[in-house]
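Below is one structure, written out as structure tokens; the observations come after it.
Just so we're clear, the structure is a prediction, and the values are computed from it rather than from any experiment. Position 1 is the first residue of the sequence; numbering continues from there.
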Amino acid sequence: MPSFAIEPPPVVSLPIAGSDAMFPVRRVYCIGRNYAAHSIEMGGDPDREAPFFFQKNPDNLDPSGEFPYPPNSTDVHHEAELAVMLKSGGVNIPVDRALEHVYGYAPALDMTRRDLQSEQKKLRRPWEIGKAFERSAPVGPVHPASEIGHPSDGRIALAVNGALRQEGDLNHMIWKVPEMISYLSDYFELAGGDVILSGTPSGVAAIARGDVMELEVQGLGAMTVRVV
């Protein structure tokens with residue numbers, strides 16, 4: 001057994017629906033502007049331009065059902081997403097073999113300190129301060145693909161305090177799940193435990209302390225997250 005200079009951090013893991021086993025997390029990749037309507041509302045081009053990705057940290061994923069409003073921000077937005085969990089990986093994965101590497105799927109939120117992200121964009125600096133902060137990715141239970149299949153369409157919607165904010169369909173993704181996996185594998189060596197957040201529909205908006213967010217992805221059930 002190796003000897004560590006300090007106590008090693010625990011493995012980040014997520015609950016699996018209907019199982020006592022946990023899904024271990026290795027890396028978290030997030031695609032930007034992957035729904036045409038959201039690309040437009042963020043000032044982007046809705047055409048099928050090359051995808052771009054940013055990363056969150058594994059321990060940003062949080063299944064607790066609570067989202068602590070982060071410090072040093074007054075404009076925090078919700079982004080409803082489908083999370084894709086990989087069971088294996090590699091490099092240069094063909095699109096037609098990509099889904100073989102998927103373990104399962106989960107509803108998730110990409111919470112964003114929009115004011116800080118906007119400042120970084122103006123300065124042409126990285127976005128991590130606006131995206132990769134503590135508990136910035138609330139996530140629901142992982143549903144194995146062996147049980148639910150590979151959802152390529154279906155409603156994705158987010159309500160805040162009972163009022164619908166975001167609504168779209170998974171088939172509205174500009175880059176589909178197999179394409180995202182294949183593209184990422186051309187630049188990174190993917191592996192089991194990797195998580196991909198696959199983009200958000202239009203309707204992103206600010207939340208406040210005390211709000212209740214309800215996310216539904218067809219086939220994956222609903223997830224409730226309280227802003228504390």
Side-chain angles (χ1 to χ4, degrees), residues 9-32 34-35 51 53-65 79-111 131-132 135-156 169-200 215-225:
V11 174
V12 176
S13 60
L14 301 173
I16 298 171
S19 173
D20 292 332
M22 302 290 285
F23 181 85
V25 179
R26 175 177 176 262
R27 295 178 182 171
V28 183
Y29 300 94
C30 310
I31 190 170
N34 199 31
Y35 286 74
F53 292 84
F54 57 93
Q55 287 184 282
K56 286 181 179 280
N57 301 307
D59 61 0
N60 294 159
L61 294 171
D62 180 14
S64 72
E79 297 190 11
E81 313 229 354
L82 171 71
V84 183
M85 282 68 180
L86 301 188
K87 62 182 179 182
S88 58
V91 296
N92 306 126
I93 298 170
V95 171
D96 61 359
R97 303 294 300 273
L99 292 181
E100 297 175 11
H101 299 278
V102 175
Y103 175 81
Y105 302 87
L109 290 166
D110 169 19
M111 303 304 295
K131 287 285 191 179
R135 300 174 69 176
S136 60
V139 60
V142 180
H143 295 260
S146 59
E147 298 179 8
I148 67 164
H150 297 282
S152 59
D153 55 25
R155 183 174 184 260
I156 177 171
D169 194 288
L170 298 178
N171 66 18
H172 294 167
M173 289 183 193
I174 298 170
W175 292 87
K176 312 303 185 188
V177 171
E179 295 172 316
M180 284 185 270
I181 294 170
S182 179
Y183 184 90
L184 277 169
S185 75
D186 289 343
Y187 294 89
F188 302 92
E189 183 170 359
L190 300 180
D194 287 347
V195 175
I196 302 171
L197 298 188
S198 57
T200 192
L215 170 61
E216 180 183 358
V217 179
Q218 187 172 327
L220 302 181
M223 176 179 76
T224 300
V225 179

Looking at every non-hydrogen atom in both residues, tell me the closest pair between [X] and [Y] and how far apart they are.
X      : Y      : result
Pro15  : Pro63  : CD-CB, 3.9 Å
Ala108 : Leu197 : CB-CD2, 3.9 Å
Glu81  : Glu79  : CG-O, 3.4 Å
Ser64  : Arg135 : OG-NH2, 3.0 Å
Pro24  : Val11  : CB-CG1, 4.0 Å
Pro94  : Ser182 : C-OG, 4.1 Å

Distance from [X] atom [atom1] to [Y] atom [atom2], nearest 0.5 Å?
X      : Y      : atom1 : atom2 : result
Ile31  : Leu184 : CD1   : CG    : 7.5 Å
Lys176 : Leu170 : NZ    : CG    : 9.0 Å
Ser19  : His143 : OG    : NE2   : 12.0 Å
Met173 : Thr200 : CE    : OG1   : 10.0 Å

Beyond-backbone contact of [X] with [Y], side-chain heavy atoms, under 4.5 angstrom:
X      : Y      : value
Val91  : Phe188 : no
Met85  : Val139 : yes
Phe23  : Ser13  : no
Val84  : Asp194 : no
Met180 : Ser198 : yes
Ile181 : Glu179 : no
His101 : Leu190 : no
Val177 : Leu99  : yes

For the residue pair Tyr29 and Phe54, is the inter-centroid distance of their aromatic rings smaller than 6.0 Å?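 No: the rings miss the under 6.0 Å criterion.
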With distance as the sole criterion, is a donor-acceptor pair present between the side chains of Lys56 and Ser136 under 3.5 Å?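 Present: a donor and an acceptor within the cut-off.
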Checking side-chain polar atoms at under 3.5 Å, does Asn57 have a donor or acceptor matched by the opposite partner on Asp59?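 No - no donor-acceptor pair under 3.5 Å links their side chains.
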As a test of understanding, state which of Thr224, Leu109, Leu215 forms a side-chain contact (heavy atoms from CB on, under 4.5 Å) with Pro138.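 Checked Thr224, Leu109, Leu215 against Pro138; only one passes side-chain contact (heavy atoms from CB on, under 4.5 Å): Leu109.
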Stepwise, does the side-chain contact (heavy atoms from CB on, under 4.5 Å) test hold for Cys30 with Val28? CA-CA 7 Å; Cys30 310; Val28 183; 4.2 Å; yes
Salt bridge check: are Glu189 and Arg27 linked by an N-O gap of less than 4.0 Å?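 Between Arg27 and Glu189 there is no salt bridge, as every charged N stays at least 4.0 Å from the carboxylate O atoms.
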Would Tyr105 and Val142 count as a side-chain contact (heavy atoms from CB on, under 4.5 Å) if you check the C-alpha gap in whole Å, the side-chain angles of each, and the deciding distance to 0.1 Å? CA-CA 5 Å; Tyr105 302 87; Val142 180; over 6 Å; no
Any donor-acceptor pair under 3.5 Å from Ser185 side chain to Gly90 backbone: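 It does not hold such a pair.
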Considering residues, nucleotides and ligands other than Arg97, do more than 12 of their heavy atoms fall under 6.0 Å from its CZ?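 Counting other residues, nucleotides and ligands, CZ of Arg97 stays at 12 neighbours or fewer.
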Test log, rule side-chain contact (heavy atoms from CB on, under 4.5 Å), inputs Asp110 and Lys131: CA-CA 8 Å; Asp110 169 19; Lys131 287 285 191 179; 2.7 Å; yes
I would like to know whether Val25 and Leu14 meet side-chain contact (heavy atoms from CB on, under 4.5 Å); could you show each step before the answer? CA-CA 8 Å; Val25 179; Leu14 301 173; 3.9 Å; yes
Checking Asp169 against Arg155 for the salt bridge (Lys or Arg N to Asp or Glu O under 4.0 Å) test, could you report, in this order, the C-alpha distance in whole Å, the side-chain angles of both residues, the deciding distance, and whether it holds? CA-CA 5 Å; Asp169 194 288; Arg155 183 174 184 260; over 6 Å; no
Should the pair Trp175 and Tyr183 be assigned to parallel (<30°), tilted (30 to 60°) or perpendicular (>60°) ring geometry?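 Plane angle between 30° and 60°, so tilted.
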